[in-house]
Amino acid sequence: MIQKTKLSQVLLNPRLLFILYSVWFWFFSLSQLGILPQVWPDEILFFSPSENLFKTGHLSTSVLSGLIPGMDHKTLWMPPVFMIAQSNLFHLFPISLETIRLFAVLISFSAAILLYSILKEFKFSKLACLLGFLSLLMEVLFFRFGNSARMEGITAFFFLASLLTLLKWHSDSVFSYLIAGFLFSLSVLSHPFALGFGITIFWLGFIYFPFQRKNLISFGFTFSIPILAWVLYVNPDWDLFLIQFGAQLIRKKTLFSSFTLITKLNIFLFGFGWIKVRAVWLIVFFGCLFYVAKNERNIGNKELKENKLLFLGVWLFTILLALYSSTEGYYVYHFLFPMAMGIAFLVDSKFTLVALASLVISFGANFHFVYIHWIQSNTEIVWKTQTERLKTALSAQKKVYLQALPDPYFSLRTDLSNLELLEFIPGELEFPSEEYKTTLSLQDAFVVYDTDRLNPVIASIVNDRSVWEKLEWEIPVSREHWYHYRTIVYRKNVSN
(Lines give C-alpha, C1' and ligand atoms only; values in the text may rest on other atoms or scores of the structure.)
Protein backbone atom coordinates (compact mmCIF):
# COMPACT_ATOMS: atom_id res chain seq x y z
CA MET A 1 0.00 0.00 0.00
CA ILE A 2 2.83 2.36 0.91
CA GLN A 3 4.60 1.59 -2.38
CA LYS A 4 1.41 2.27 -4.34
CA THR A 5 0.96 5.58 -2.54
CA LYS A 6 4.53 6.63 -3.34
CA LEU A 7 4.10 5.59 -6.97
CA SER A 8 0.91 7.64 -7.32
CA GLN A 9 2.64 10.63 -5.73
CA VAL A 10 5.46 10.37 -8.23
CA LEU A 11 3.14 9.97 -11.24
CA LEU A 12 0.94 12.88 -10.13
CA ASN A 13 3.85 15.14 -9.25
CA PRO A 14 3.09 18.54 -10.90
CA ARG A 15 6.73 19.16 -11.81
CA LEU A 16 7.07 15.73 -13.41
CA LEU A 17 3.83 16.14 -15.37
CA PHE A 18 4.95 19.61 -16.46
CA ILE A 19 8.18 18.16 -17.86
CA LEU A 20 6.57 15.07 -19.42
CA TYR A 21 3.90 17.01 -21.29
CA SER A 22 6.42 19.62 -22.39
CA VAL A 23 8.59 16.86 -23.86
CA TRP A 24 5.49 15.33 -25.49
CA PHE A 25 4.53 18.70 -27.02
CA TRP A 26 7.98 19.14 -28.54
CA PHE A 27 8.12 15.57 -29.83
CA PHE A 28 4.62 15.87 -31.28
CA SER A 29 5.45 19.18 -32.97
CA LEU A 30 8.95 18.41 -34.27
CA SER A 31 8.02 14.97 -35.62
CA GLN A 32 5.70 16.57 -38.21
CA LEU A 33 7.20 20.04 -38.53
CA GLY A 34 7.09 20.37 -42.32
CA ILE A 35 3.99 18.25 -42.85
CA LEU A 36 1.32 19.17 -40.31
CA PRO A 37 -0.46 21.43 -39.82
CA GLN A 38 -0.98 21.75 -43.54
CA VAL A 39 0.86 24.67 -45.16
CA TRP A 40 -1.41 27.67 -45.70
CA PRO A 41 -0.77 30.46 -48.24
CA ASP A 42 -0.53 32.94 -45.34
CA GLU A 43 2.74 31.31 -44.31
CA ILE A 44 4.28 32.09 -47.70
CA LEU A 45 2.91 35.63 -47.72
CA PHE A 46 4.82 36.32 -44.48
CA PHE A 47 7.84 34.18 -45.35
CA SER A 48 8.53 36.01 -48.62
CA PRO A 49 9.10 39.50 -47.11
CA SER A 50 11.16 37.91 -44.32
CA GLU A 51 13.40 36.21 -46.88
CA ASN A 52 13.73 39.37 -48.96
CA LEU A 53 14.55 41.43 -45.88
CA PHE A 54 17.35 38.99 -45.05
CA LYS A 55 18.73 38.89 -48.60
CA THR A 56 18.26 42.48 -49.75
CA GLY A 57 17.54 44.54 -46.65
CA HIS A 58 14.10 45.47 -48.03
CA LEU A 59 10.74 44.31 -46.71
CA SER A 60 9.15 43.28 -50.00
CA THR A 61 6.90 40.42 -51.10
CA SER A 62 8.13 38.94 -54.38
CA VAL A 63 5.36 36.31 -54.51
CA LEU A 64 2.83 39.11 -54.96
CA SER A 65 4.83 40.97 -57.60
CA GLY A 66 2.49 42.56 -60.11
CA LEU A 67 -0.61 41.51 -58.18
CA ILE A 68 -0.91 44.12 -55.43
CA PRO A 69 0.56 47.57 -56.11
CA GLY A 70 3.95 48.13 -54.52
CA MET A 71 4.22 44.78 -52.71
CA ASP A 72 7.44 43.91 -54.56
CA HIS A 73 8.81 47.33 -53.58
CA LYS A 74 7.64 47.80 -49.99
CA THR A 75 5.34 45.52 -48.00
CA LEU A 76 3.01 47.60 -45.83
CA TRP A 77 -0.17 45.57 -45.51
CA MET A 78 0.92 44.11 -42.17
CA PRO A 79 3.02 45.53 -39.31
CA PRO A 80 6.63 44.30 -39.47
CA VAL A 81 7.63 42.74 -36.11
CA PHE A 82 6.87 39.12 -37.04
CA MET A 83 8.57 39.39 -40.43
CA ILE A 84 11.63 41.09 -38.93
CA ALA A 85 11.86 38.33 -36.31
CA GLN A 86 11.66 35.64 -39.00
CA SER A 87 14.32 37.31 -41.15
CA ASN A 88 16.76 37.32 -38.23
CA LEU A 89 16.41 33.55 -37.97
CA PHE A 90 18.02 33.15 -41.37
CA HIS A 91 21.32 34.45 -40.03
CA LEU A 92 21.57 31.24 -38.00
CA PHE A 93 19.33 28.68 -39.70
CA PRO A 94 18.50 27.58 -43.27
CA ILE A 95 15.86 29.51 -45.21
CA SER A 96 13.13 26.89 -45.06
CA LEU A 97 9.66 26.00 -43.89
CA GLU A 98 11.15 23.95 -41.05
CA THR A 99 13.05 26.96 -39.72
CA ILE A 100 10.09 29.31 -39.55
CA ARG A 101 7.87 26.60 -38.08
CA LEU A 102 10.46 25.74 -35.47
CA PHE A 103 10.36 29.40 -34.49
CA ALA A 104 6.55 29.25 -34.33
CA VAL A 105 6.68 26.20 -32.04
CA LEU A 106 9.23 27.88 -29.77
CA ILE A 107 7.19 31.08 -29.52
CA SER A 108 3.93 29.21 -28.83
CA PHE A 109 5.56 27.10 -26.15
CA SER A 110 7.09 30.24 -24.62
CA ALA A 111 3.65 31.87 -24.60
CA ALA A 112 2.32 28.83 -22.70
CA ILE A 113 5.15 29.21 -20.18
CA LEU A 114 4.24 32.89 -19.75
CA LEU A 115 0.62 31.92 -19.11
CA TYR A 116 1.80 29.40 -16.50
CA SER A 117 3.85 32.16 -14.83
CA ILE A 118 0.85 34.51 -14.85
CA LEU A 119 -1.27 31.84 -13.13
CA LYS A 120 1.42 31.49 -10.46
CA GLU A 121 1.46 35.28 -9.94
CA PHE A 122 -2.30 35.13 -9.41
CA LYS A 123 -1.64 32.58 -6.65
CA PHE A 124 -3.53 29.70 -8.21
CA SER A 125 -2.79 26.31 -6.68
CA LYS A 126 -0.08 24.12 -8.21
CA LEU A 127 -2.70 21.76 -9.63
CA ALA A 128 -4.66 24.65 -11.14
CA CYS A 129 -1.53 26.12 -12.76
CA LEU A 130 -0.58 22.72 -14.14
CA LEU A 131 -4.00 21.94 -15.62
CA GLY A 132 -4.22 25.42 -17.14
CA PHE A 133 -0.82 24.91 -18.75
CA LEU A 134 -1.68 21.41 -19.99
CA SER A 135 -4.96 22.64 -21.47
CA LEU A 136 -2.84 24.67 -23.91
CA LEU A 137 -0.28 22.05 -24.84
CA MET A 138 -2.88 19.31 -25.34
CA GLU A 139 -5.37 21.31 -27.40
CA VAL A 140 -5.39 20.48 -31.12
CA LEU A 141 -6.21 24.10 -31.95
CA PHE A 142 -3.04 25.24 -30.16
CA PHE A 143 -1.04 22.88 -32.39
CA ARG A 144 -2.95 23.71 -35.56
CA PHE A 145 -2.70 27.48 -35.39
CA GLY A 146 0.23 27.99 -33.05
CA ASN A 147 2.64 25.83 -35.07
CA SER A 148 1.82 27.51 -38.37
CA ALA A 149 4.30 30.18 -39.43
CA ARG A 150 1.90 33.02 -38.72
CA MET A 151 2.02 35.76 -36.10
CA GLU A 152 -0.53 34.43 -33.60
CA GLY A 153 2.17 33.02 -31.34
CA ILE A 154 4.41 36.09 -31.25
CA THR A 155 1.39 38.39 -30.80
CA ALA A 156 0.26 36.39 -27.77
CA PHE A 157 3.85 36.14 -26.48
CA PHE A 158 4.40 39.90 -26.28
CA PHE A 159 0.93 40.52 -24.87
CA LEU A 160 1.38 37.91 -22.13
CA ALA A 161 4.89 39.24 -21.42
CA SER A 162 3.35 42.69 -20.93
CA LEU A 163 0.75 41.28 -18.51
CA LEU A 164 3.38 39.35 -16.57
CA THR A 165 5.59 42.42 -16.29
CA LEU A 166 2.79 44.41 -14.65
CA LEU A 167 1.99 41.54 -12.29
CA LYS A 168 5.49 40.58 -11.27
CA TRP A 169 7.25 43.94 -10.98
CA HIS A 170 4.38 46.24 -10.08
CA SER A 171 6.25 47.41 -6.98
CA ASP A 172 8.82 49.02 -9.31
CA SER A 173 5.99 51.11 -10.67
CA VAL A 174 7.48 53.28 -13.42
CA PHE A 175 9.94 50.64 -14.61
CA SER A 176 7.26 47.94 -14.99
CA TYR A 177 4.97 50.26 -16.95
CA LEU A 178 7.80 51.33 -19.25
CA ILE A 179 8.61 47.71 -20.08
CA ALA A 180 4.94 46.67 -20.33
CA GLY A 181 4.13 49.49 -22.73
CA PHE A 182 7.01 48.56 -25.02
CA LEU A 183 6.07 44.86 -25.01
CA PHE A 184 2.42 45.58 -25.74
CA SER A 185 3.47 47.81 -28.63
CA LEU A 186 5.45 44.90 -30.10
CA SER A 187 2.33 42.74 -29.78
CA VAL A 188 0.27 45.28 -31.74
CA LEU A 189 3.02 45.57 -34.35
CA SER A 190 3.00 41.80 -34.72
CA HIS A 191 -0.70 41.87 -35.58
CA PRO A 192 -3.29 44.67 -35.22
CA PHE A 193 -5.67 42.13 -33.64
CA ALA A 194 -3.74 42.76 -30.42
CA LEU A 195 -5.35 46.19 -30.18
CA GLY A 196 -8.37 44.32 -28.83
CA PHE A 197 -6.25 43.25 -25.85
CA GLY A 198 -5.80 46.87 -24.82
CA ILE A 199 -8.86 46.76 -22.55
CA THR A 200 -7.35 43.84 -20.62
CA ILE A 201 -4.01 45.63 -20.25
CA PHE A 202 -5.72 48.86 -19.17
CA TRP A 203 -7.89 47.03 -16.64
CA LEU A 204 -4.91 45.33 -15.05
CA GLY A 205 -2.62 48.34 -15.06
CA PHE A 206 -4.97 51.16 -14.17
CA ILE A 207 -8.05 49.74 -12.43
CA TYR A 208 -6.86 46.71 -10.47
CA PHE A 209 -3.72 48.55 -9.49
CA PRO A 210 -4.28 52.10 -8.21
CA PHE A 211 -4.33 54.60 -11.06
CA GLN A 212 -1.27 56.83 -11.19
CA ARG A 213 -0.68 59.44 -13.87
CA LYS A 214 3.06 58.70 -14.02
CA ASN A 215 2.30 55.05 -14.81
CA LEU A 216 -0.05 56.00 -17.64
CA ILE A 217 2.55 58.39 -19.09
CA SER A 218 5.29 55.77 -18.77
CA PHE A 219 3.18 53.09 -20.46
CA GLY A 220 2.04 55.43 -23.23
CA PHE A 221 5.58 56.70 -23.86
CA THR A 222 7.18 53.33 -24.52
CA PHE A 223 4.08 52.04 -26.32
CA SER A 224 4.30 54.92 -28.79
CA ILE A 225 8.00 54.56 -29.66
CA PRO A 226 7.74 51.41 -31.89
CA ILE A 227 4.44 52.68 -33.32
CA LEU A 228 6.08 55.99 -34.26
CA ALA A 229 9.01 54.16 -35.85
CA TRP A 230 6.56 52.18 -37.99
CA VAL A 231 4.70 55.35 -39.00
CA LEU A 232 7.97 57.00 -40.04
CA TYR A 233 8.83 53.93 -42.12
CA VAL A 234 5.42 54.00 -43.80
CA ASN A 235 5.22 57.75 -44.33
CA PRO A 236 7.24 58.12 -47.58
CA ASP A 237 4.93 55.58 -49.22
CA TRP A 238 1.65 56.51 -47.59
CA ASP A 239 -0.23 55.97 -50.84
CA LEU A 240 0.98 52.34 -51.00
CA PHE A 241 0.00 51.83 -47.37
CA LEU A 242 -3.52 53.04 -48.07
CA ILE A 243 -3.79 50.68 -51.04
CA GLN A 244 -2.30 47.61 -49.34
CA PHE A 245 -3.62 47.95 -45.79
CA GLY A 246 -6.86 49.50 -47.00
CA ALA A 247 -7.46 46.53 -49.28
CA GLN A 248 -7.16 44.24 -46.27
CA LEU A 249 -9.72 46.26 -44.36
CA ILE A 250 -12.11 46.27 -47.32
CA ARG A 251 -11.74 42.52 -47.68
CA LYS A 252 -12.46 41.93 -43.99
CA LYS A 253 -15.42 44.32 -44.08
CA THR A 254 -16.85 42.47 -47.08
CA LEU A 255 -16.45 39.11 -45.37
CA PHE A 256 -17.79 40.35 -42.05
CA SER A 257 -20.95 41.74 -43.63
CA SER A 258 -21.64 38.37 -45.26
CA PHE A 259 -21.23 36.30 -42.08
CA THR A 260 -24.24 35.14 -40.09
CA LEU A 261 -24.08 34.29 -36.40
CA ILE A 262 -23.93 30.60 -37.34
CA THR A 263 -20.97 31.33 -39.62
CA LYS A 264 -19.17 33.08 -36.79
CA LEU A 265 -19.81 30.14 -34.44
CA ASN A 266 -18.47 27.73 -37.06
CA ILE A 267 -15.34 29.88 -37.46
CA PHE A 268 -14.89 29.96 -33.69
CA LEU A 269 -15.17 26.17 -33.32
CA PHE A 270 -13.41 25.27 -36.57
CA GLY A 271 -9.93 24.62 -35.16
CA PHE A 272 -10.89 22.63 -32.06
CA GLY A 273 -10.65 18.87 -31.91
CA TRP A 274 -13.93 17.01 -31.42
CA ILE A 275 -15.91 20.14 -32.23
CA LYS A 276 -19.36 19.06 -31.01
CA VAL A 277 -18.05 17.72 -27.70
CA ARG A 278 -15.94 20.84 -27.20
CA ALA A 279 -18.98 23.04 -27.91
CA VAL A 280 -20.95 21.28 -25.14
CA TRP A 281 -18.00 21.61 -22.77
CA LEU A 282 -17.72 25.35 -23.50
CA ILE A 283 -21.37 25.82 -22.54
CA VAL A 284 -20.69 24.02 -19.24
CA PHE A 285 -17.47 26.03 -18.80
CA PHE A 286 -19.18 29.40 -19.09
CA GLY A 287 -22.07 28.16 -16.98
CA CYS A 288 -19.71 27.20 -14.15
CA LEU A 289 -17.91 30.54 -14.34
CA PHE A 290 -21.24 32.36 -14.21
CA TYR A 291 -22.31 30.29 -11.20
CA VAL A 292 -19.08 31.07 -9.36
CA ALA A 293 -19.36 34.77 -10.21
CA LYS A 294 -22.90 34.91 -8.93
CA ASN A 295 -21.94 33.28 -5.66
CA GLU A 296 -18.53 34.88 -5.16
CA ARG A 297 -18.80 36.94 -1.98
CA ASN A 298 -15.64 38.97 -2.40
CA ILE A 299 -16.25 39.95 -6.04
CA GLY A 300 -15.81 43.60 -5.12
CA ASN A 301 -12.53 43.07 -3.29
CA LYS A 302 -9.91 45.43 -4.68
CA GLU A 303 -7.05 43.09 -3.85
CA LEU A 304 -5.96 41.76 -7.24
CA LYS A 305 -4.89 38.28 -6.21
CA GLU A 306 -8.10 37.70 -4.26
CA ASN A 307 -10.21 38.83 -7.17
CA LYS A 308 -9.07 36.76 -10.13
CA LEU A 309 -12.52 36.17 -11.54
CA LEU A 310 -13.17 39.80 -12.45
CA PHE A 311 -9.90 40.01 -14.38
CA LEU A 312 -10.72 36.73 -16.13
CA GLY A 313 -14.15 38.10 -17.06
CA VAL A 314 -12.61 41.22 -18.60
CA TRP A 315 -10.08 39.12 -20.53
CA LEU A 316 -12.72 36.72 -21.86
CA PHE A 317 -15.04 39.57 -22.78
CA THR A 318 -12.38 41.47 -24.74
CA ILE A 319 -11.24 38.33 -26.58
CA LEU A 320 -14.78 37.28 -27.50
CA LEU A 321 -15.59 40.83 -28.62
CA ALA A 322 -12.47 40.91 -30.80
CA LEU A 323 -13.31 37.48 -32.23
CA TYR A 324 -16.86 38.53 -33.02
CA SER A 325 -15.55 41.44 -35.07
CA SER A 326 -12.94 39.31 -36.88
CA THR A 327 -13.14 37.08 -39.94
CA GLU A 328 -10.37 34.53 -39.37
CA GLY A 329 -10.40 31.23 -37.49
CA TYR A 330 -6.72 31.68 -36.64
CA TYR A 331 -7.54 34.35 -34.06
CA VAL A 332 -9.37 31.80 -31.86
CA TYR A 333 -5.84 30.81 -30.79
CA HIS A 334 -5.91 33.84 -28.48
CA PHE A 335 -9.04 32.55 -26.73
CA LEU A 336 -7.13 29.53 -25.44
CA PHE A 337 -5.14 31.61 -22.94
CA PRO A 338 -8.06 33.05 -20.94
CA MET A 339 -9.75 29.66 -21.33
CA ALA A 340 -6.69 28.11 -19.66
CA MET A 341 -6.98 30.65 -16.85
CA GLY A 342 -10.66 29.79 -16.57
CA ILE A 343 -9.76 26.11 -16.23
CA ALA A 344 -7.33 27.00 -13.43
CA PHE A 345 -10.07 29.02 -11.76
CA LEU A 346 -12.51 26.11 -11.94
CA VAL A 347 -9.95 23.82 -10.29
CA ASP A 348 -9.62 26.18 -7.34
CA SER A 349 -13.41 26.66 -7.22
CA LYS A 350 -14.11 22.94 -6.68
CA PHE A 351 -15.06 22.31 -10.32
CA THR A 352 -12.01 20.14 -10.97
CA LEU A 353 -14.05 17.54 -12.89
CA VAL A 354 -15.05 20.17 -15.48
CA ALA A 355 -11.39 21.14 -15.88
CA LEU A 356 -10.34 17.51 -16.20
CA ALA A 357 -13.09 16.93 -18.76
CA SER A 358 -11.45 19.55 -20.97
CA LEU A 359 -8.15 17.68 -20.82
CA VAL A 360 -9.90 14.39 -21.59
CA ILE A 361 -11.50 15.99 -24.67
CA SER A 362 -8.13 17.34 -25.78
CA PHE A 363 -6.45 13.98 -25.21
CA GLY A 364 -9.16 12.17 -27.17
CA ALA A 365 -8.95 14.72 -29.98
CA ASN A 366 -5.16 14.27 -30.12
CA PHE A 367 -5.51 10.50 -30.32
CA HIS A 368 -8.12 10.91 -33.06
CA PHE A 369 -5.76 13.26 -34.90
CA VAL A 370 -2.92 10.72 -34.76
CA TYR A 371 -5.25 7.94 -35.89
CA ILE A 372 -6.52 9.91 -38.90
CA HIS A 373 -3.16 11.30 -40.02
CA TRP A 374 -0.65 8.58 -39.14
CA ILE A 375 -2.48 5.26 -38.64
CA GLN A 376 -5.36 5.39 -41.10
CA SER A 377 -3.01 7.03 -43.61
CA ASN A 378 0.64 8.08 -43.60
CA THR A 379 0.51 11.84 -44.17
CA GLU A 380 4.17 12.07 -45.13
CA ILE A 381 3.70 9.56 -47.96
CA VAL A 382 0.46 11.28 -48.99
CA TRP A 383 2.26 14.62 -49.24
CA LYS A 384 5.18 13.15 -51.21
CA THR A 385 2.70 11.61 -53.66
CA GLN A 386 0.95 14.96 -54.02
CA THR A 387 4.15 16.88 -54.68
CA GLU A 388 5.35 14.29 -57.22
CA ARG A 389 2.10 14.73 -59.14
CA LEU A 390 2.50 18.48 -59.08
CA LYS A 391 6.13 18.31 -60.24
CA THR A 392 5.10 16.13 -63.17
CA ALA A 393 2.21 18.42 -64.07
CA LEU A 394 4.35 21.58 -63.90
CA SER A 395 7.66 20.29 -65.27
CA ALA A 396 7.34 22.21 -68.55
CA GLN A 397 6.04 25.46 -67.03
CA LYS A 398 8.02 28.54 -66.01
CA LYS A 399 5.50 30.81 -64.27
CA VAL A 400 2.96 29.37 -61.84
CA TYR A 401 0.24 30.99 -59.75
CA LEU A 402 -0.66 29.06 -56.59
CA GLN A 403 -4.03 28.95 -54.87
CA ALA A 404 -3.70 25.45 -53.45
CA LEU A 405 -4.31 23.76 -50.10
CA PRO A 406 -2.08 22.42 -48.76
CA ASP A 407 0.18 25.03 -50.34
CA PRO A 408 3.02 23.35 -52.29
CA TYR A 409 5.19 26.49 -52.47
CA PHE A 410 8.12 25.23 -50.39
CA SER A 411 8.23 21.84 -52.12
CA LEU A 412 8.04 23.34 -55.61
CA ARG A 413 10.69 25.98 -55.00
CA THR A 414 13.06 23.22 -53.81
CA ASP A 415 12.32 20.59 -56.48
CA LEU A 416 11.62 22.91 -59.44
CA SER A 417 13.95 25.81 -58.73
CA ASN A 418 13.42 27.27 -62.23
CA LEU A 419 9.78 28.10 -61.46
CA GLU A 420 8.64 31.66 -60.83
CA LEU A 421 5.96 31.27 -58.19
CA LEU A 422 3.20 33.72 -57.33
CA GLU A 423 0.81 33.33 -54.40
CA PHE A 424 -2.90 33.95 -54.55
CA ILE A 425 -4.67 36.99 -53.21
CA PRO A 426 -8.19 36.36 -51.88
CA GLY A 427 -11.00 36.90 -54.34
CA GLU A 428 -12.35 39.68 -52.12
CA LEU A 429 -9.24 41.74 -52.95
CA GLU A 430 -10.00 43.12 -56.36
CA PHE A 431 -7.27 44.94 -58.25
CA PRO A 432 -8.53 45.26 -61.82
CA SER A 433 -5.43 47.21 -62.90
CA GLU A 434 -3.80 46.51 -66.22
CA GLU A 435 -0.61 45.42 -64.43
CA TYR A 436 -2.62 42.90 -62.43
CA LYS A 437 -4.34 41.49 -65.52
CA THR A 438 -1.08 41.43 -67.47
CA THR A 439 0.71 39.58 -64.65
CA LEU A 440 -1.96 36.88 -64.57
CA SER A 441 -2.06 36.55 -68.35
CA LEU A 442 1.69 35.80 -68.38
CA GLN A 443 1.35 32.75 -66.14
CA ASP A 444 1.90 29.30 -67.62
CA ALA A 445 -0.14 27.47 -64.99
CA PHE A 446 -2.61 27.99 -62.16
CA VAL A 447 -2.86 25.51 -59.28
CA VAL A 448 -6.10 25.83 -57.31
CA TYR A 449 -8.12 23.80 -54.79
CA ASP A 450 -11.61 25.17 -55.42
CA THR A 451 -12.86 26.53 -58.75
CA ASP A 452 -15.66 28.38 -56.95
CA ARG A 453 -13.03 30.55 -55.26
CA LEU A 454 -11.18 31.31 -58.47
CA ASN A 455 -10.58 34.98 -59.16
CA PRO A 456 -12.83 36.16 -62.03
CA VAL A 457 -9.83 37.38 -64.02
CA ILE A 458 -8.17 33.97 -63.79
CA ALA A 459 -11.44 32.23 -64.62
CA SER A 460 -11.72 34.26 -67.83
CA ILE A 461 -8.11 33.45 -68.79
CA VAL A 462 -8.33 29.66 -68.37
CA ASN A 463 -11.72 29.50 -70.04
CA ASP A 464 -10.05 29.22 -73.46
CA ARG A 465 -9.74 25.45 -73.78
CA SER A 466 -7.71 25.74 -76.99
CA VAL A 467 -4.88 27.24 -74.94
CA TRP A 468 -5.40 25.71 -71.51
CA GLU A 469 -5.77 22.12 -70.38
CA LYS A 470 -7.21 21.07 -67.04
CA LEU A 471 -5.86 18.36 -64.76
CA GLU A 472 -7.75 17.39 -61.62
CA TRP A 473 -7.31 14.96 -58.76
CA GLU A 474 -8.16 14.58 -55.09
CA ILE A 475 -5.80 13.60 -52.31
CA PRO A 476 -6.89 10.07 -51.25
CA VAL A 477 -7.57 10.65 -47.56
CA SER A 478 -10.61 10.58 -45.29
CA ARG A 479 -12.90 13.58 -45.07
CA GLU A 480 -11.60 14.35 -41.57
CA HIS A 481 -7.99 14.56 -42.75
CA TRP A 482 -6.47 18.06 -42.88
CA TYR A 483 -5.27 17.29 -46.43
CA HIS A 484 -8.78 16.63 -47.72
CA TYR A 485 -8.65 19.00 -50.71
CA ARG A 486 -8.94 18.74 -54.47
CA THR A 487 -6.15 19.85 -56.76
CA ILE A 488 -6.93 21.48 -60.09
CA VAL A 489 -4.10 22.45 -62.44
CA TYR A 490 -4.75 24.69 -65.41
CA ARG A 491 -1.68 24.69 -67.64
CA LYS A 492 -0.92 25.96 -71.11
CA ASN A 493 -0.79 23.28 -73.76
CA VAL A 494 2.80 22.44 -74.62
CA SER A 495 2.14 23.32 -78.27
CA ASN A 496 1.28 26.86 -77.15
Side-chain angles (χ1 to χ4, degrees), residues 38-45 48 60-73 77 243-244 247-248 250-251 254-255 258 383 385-476 483-496:
Q38 71 272 45
V39 180
W40 285 86
D42 305 51
E43 297 182 79
I44 292 87
L45 295 181
S48 180
S60 58
T61 310
S62 54
V63 294
L64 291 176
S65 178
L67 297 176
I68 298 180
M71 288 291 279
D72 53 342
H73 164 65
W77 73 344
I243 292 173
Q244 295 177 18
Q248 280 274 63
I250 292 172
R251 168 182 171 262
T254 302
L255 284 174
S258 66
W383 182 234
T385 303
Q386 168 74 352
T387 54
E388 287 298 324
R389 279 191 172 188
L390 280 171
K391 282 191 293 182
T392 301
L394 301 173
S395 59
Q397 273 58 48
K398 299 295 183 184
K399 297 183 177 183
V400 178
Y401 177 98
L402 298 175
Q403 188 177 347
L405 291 176
D407 198 306
Y409 173 86
F410 290 99
S411 297
L412 291 178
R413 84 181 227 138
T414 300
D415 298 330
L416 298 175
S417 56
N418 61 313
L419 283 181
E420 293 181 29
L421 297 168
L422 292 180
E423 278 291 329
F424 92 111
I425 59 173
E428 298 85 0
L429 288 177
E430 296 183 5
F431 292 98
S433 65
E434 289 306 313
E435 180 187 11
Y436 171 76
K437 293 177 181 178
T438 301
T439 299
L440 291 178
S441 67
L442 293 174
Q443 302 307 301
D444 299 320
F446 298 91
V447 182
V448 302
Y449 72 97
D450 187 348
T451 52
D452 293 336
R453 295 176 180 269
L454 203 58
N455 186 285
V457 177
I458 298 175
S460 65
I461 291 173
V462 301
N463 195 43
D464 187 349
R465 294 291 187 243
S466 64
V467 177
W468 295 87
E469 64 175 319
K470 179 182 178 182
L471 305 176
E472 185 174 351
W473 65 86
E474 190 167 322
I475 303 179
Y483 276 24
H484 184 251
Y485 291 102
R486 295 164 59 209
T487 302
I488 304 105
V489 176
Y490 296 97
R491 65 181 183 184
K492 287 183 177 178
N493 295 320
V494 178
S495 58
N496 291 296

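Source: prediction; values computed, not measured.
Judged by distance alone, the side chain of D444 and the main-chain N or O of K399 form a donor-acceptor pair under 3.5 Å. In this structure a side-chain-to-backbone donor-acceptor pair under 3.5 Å is missing from Q403 to V448. Formation of a donor-acceptor pair under 3.5 Å by the R486 side chain with backbone atoms of E472 is not found in this model.
Closest non-hydrogen pair, A445 versus Q397, comes out as CB-CG, 3.7 Å. Here the closest heavy-atom approach between residue L471 and residue A393 is recorded as CD1-CB, 3.8 Å. Pairing each heavy atom of L422 with each of L64, the nearest pair is CD2-N, 4.4 Å.
Annotation: side chain of L405 is in contact with side chain of P41 (closest heavy-atom distance under 4.5 Å). Under the 4.5 Å side-chain criterion, counting only non-hydrogen atoms from C-beta, W473 is in contact with L390. Considering only heavy atoms from C-beta on, T487 stays 4.5 Å or farther from R389 through its side chain. Put simply, the side chain of D407 reaches to within 4.5 Å of the side chain of E423, judged on heavy atoms. Between Y449 and I475 there is no side-chain heavy-atom pair separated by less than 4.5 Å.
Rounded to the nearest 0.5 Å, atoms CZ (R413) and CG (N418) are 13.5 Å apart. Separating the CG atom in L402 from the CD1 atom in I44 is a distance of 8.0 Å, to the nearest 0.5 Å. The distance from the OH atom of Y490 to the CD1 atom of I458 is 10.0 Å, given to the nearest 0.5 Å. One distance of note links CG of D464 with CG of N493; it measures 9.5 Å at 0.5 Å rounding. Here the CG-CH2 distance, from L45 to W40, works out to 12.5 Å after rounding to the nearest 0.5 Å. Separation of atoms CD1 (I68) and OG1 (T439) is listed at 11.5 Å; rounding is to 0.5 Å.
Side-chain contact of Q38 with W383: a donor-acceptor pair under 3.5 Å is absent, judged by distance alone. No side-chain N or O of Y401 forms a donor-acceptor pair with one of N455 less than 3.5 Å apart. At a cut-off of 3.5 Å, with distance as the only test, a side-chain donor of S62 or S48 sits close to an acceptor on the other residue.
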- Take E420 and Q443 through the side chain to side chain contact (heavy atoms under 4.5 Å, CB included) test and state the conclusion after the steps. CA-CA 9 Å; E420 293 181 29; Q443 302 307 301; over 6 Å; no
For side chain to side chain contact (heavy atoms under 4.5 Å, CB included), just list the numbers for I488 and L454, CA-CA rounded to whole Å, side-chain angles, deciding distance to a tenth of an Å, and then say yes or no.
CA-CA 11 Å; I488 304 105; L454 203 58; over 6 Å; no
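Around NZ of K398, the count of heavy atoms belonging to other residues, nucleotides or ligands within 6.0 Å does not exceed 12.
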